Amino acid sequence: MPEKPRFDYRLKGVVASDLMRWAILSGEGGDLLVREGDKVDGAARIAKIYAEGVDVVLAGETLNITFSETDRVDIAAFEAKPQARSNPRTAPRPKTQEIVYQNMSPDEILAVLSRAEEERQARGWVPRAE
């Protein structure tokens, strides 16, 4: 019987907002911030990210990576600063953001959120903050 594919990462957090969804995976090389469609280690593809876990396709199989059942899972929700809209008749509305996490300090959470925002700006999804 062939050996099941191994994905040597654990789920550490999920960052979600009205416009994006990222997962924080922790592996031997440290933390990795990924979004749906990203490749990990050249062979695995992040198929779906949701609050309870991540679906990863590896060697033709879908693996479900979830939070550890032995540690507490926490949720932090907040509203992000509204972005100016091109149509002045519609007032900008705040964006709700949420992070579901396990075993992360406030500093680690802020660092991940900052990296996610930098990625969004680098990809041209949002204007750079002034």
Side-chain angles (χ1 to χ4, degrees):
M1 176 186 281
E3 192 176 311
K4 281 188 100 171
R6 288 180 46 98
F7 187 72
D8 293 324
Y9 291 87
R10 68 179 178 84
L11 181 63
K12 195 171 179 180
V14 172
V15 179
S17 76
D18 295 342
L19 301 174
M20 67 166 191
R21 200 166 285 219
W22 302 84
I24 306 149
L25 301 174
S26 185
E28 194 174 289
D31 292 345
L32 184 63
L33 184 66
V34 296
R35 63 184 177 93
E36 291 177 0
D38 281 355
K39 295 261 187 187
V40 177
D41 295 340
R45 182 180 55 81
I46 305 300
K48 185 173 181 178
I49 298 172
Y50 45 96
E52 298 83 22
V54 177
D55 288 343
V56 178
V57 176
L58 178 62
E61 288 193 43
T62 300
L63 308 173
N64 182 253
I65 311 302
T66 60
F67 289 104
S68 166
E69 292 182 16
T70 59
D71 295 327
R72 190 174 108 188
V73 175
D74 294 300
I75 300 173
F78 54 94
E79 288 188 1
K81 180 180 169 186
Q83 298 290 324
R85 290 188 167 173
S86 57
N87 183 347
R89 294 189 310 186
T90 59
R93 61 187 166 97
K95 301 289 182 194
T96 301
Q97 292 189 359
E98 181 176 271
I99 181 166
V100 181
Y101 61 97
Q102 193 168 59
N103 298 322
M104 291 180 72
S105 71
D107 287 341
E108 288 177 304
I109 292 168
L110 288 173
V112 166
L113 292 173
S114 293
R115 277 191 303 188
E117 186 62 21
E118 288 169 7
E119 283 279 331
R120 292 174 65 216
Q121 291 174 1
R123 294 173 191 263
W125 296 346
V126 295
R128 294 201 183 276
E130 298 296 326

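Remember, predicted model here, so these are calculated numbers, not experimental data. As a basis for the values below, the full set of heavy atoms in this structure was taken, side chains included, without hydrogen atoms, waters or symmetry mates.
Looking only at side-chain heavy atoms (C-beta outward), Leu25 and Ile46 come within less than 4.5 Å of each other. Side-chain contact between Trp22 and Arg115 is absent, with no heavy atoms from C-beta onward closer than 4.5 Å. Under the 4.5 Å side-chain criterion, counting only non-hydrogen atoms from C-beta, Glu108 is in contact with Lys12. Contact check for Asp55 versus Leu63: no side-chain heavy atoms found under the 4.5 Å cut-off.
In this view, Tyr101 satisfies the ring-ring contact (aromatic ring centres under 6.0 Å, His included) rule with no residue, not counting sequence neighbours. Residues that satisfy the salt bridge (charged side-chain N to carboxylate O under 4.0 Å, His left out) test with Asp74, not counting sequence neighbours, are Arg72.
There is no path of hydrophobic side-chain contacts, each under 4.5 Å, that joins Val15 to Val40. Leu32 and Val54 fall within the same hydrophobic cluster, defined by Ile, Leu, Val, Met, Phe, Trp and Tyr side-chain heavy atoms under 4.5 Å apart, directly or through other members.
Nearest heavy-atom pair across Leu33 and Ile24 is CD1-CG1, 4.1 Å. Here the closest heavy-atom approach between residue Ala44 and residue Val56 is recorded as CB-CG1, 3.6 Å. Across all non-hydrogen atoms, the minimal contact from Leu58 to Arg6 is CD2-O, 3.3 Å. Looking at every heavy atom in both residues, Ala23 comes nearest to Ile49 through N-CD1, 3.7 Å. Between Val57 and Ala47 the shortest heavy-atom distance is CG2-CB, 3.9 Å. In plain terms, the two heavy atoms of Ile99 and Ile109 that are nearest each other are CD1-CG2, 3.8 Å.
The pair Glu36-Arg45 does not meet the salt-bridge criterion, since no charged nitrogen lies less than 4.0 angstrom from a carboxylate oxygen.
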(Q) Applying side-chain contact (heavy atoms from CB on, under 4.5 Å) to Ile65 and Phe7, what does each step give before you reach the verdict? (A) CA-CA 9 Å; Ile65 311 302; Phe7 187 72; 3.8 Å; yes
Q.
Run Arg10 and Phe67 through side-chain contact (heavy atoms from CB on, under 4.5 Å) and show every step you take.
A. CA-CA 7 Å; Arg10 68 179 178 84; Phe67 289 104; over 6 Å; no
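Rounded to the nearest 0.5 angstrom, Glu28 CD and Asp41 CG are separated by 10.0 Å. The CD atom of Glu52 sits 10.5 Å away from atom CG of Leu11, with the distance rounded to the nearest 0.5 Å. We find the CG-CE distance between Leu110 and Met104 to be 9.5 Å, quoted to the nearest 0.5 Å.
Of the possible donor and acceptor atoms, none in the side chain of Asp71 sits under 3.5 Å from a partner among the backbone N and O of Ser68.
A side-chain donor from one of Ser26 and Asp31 sits under 3.5 Å from a side-chain acceptor of the other.
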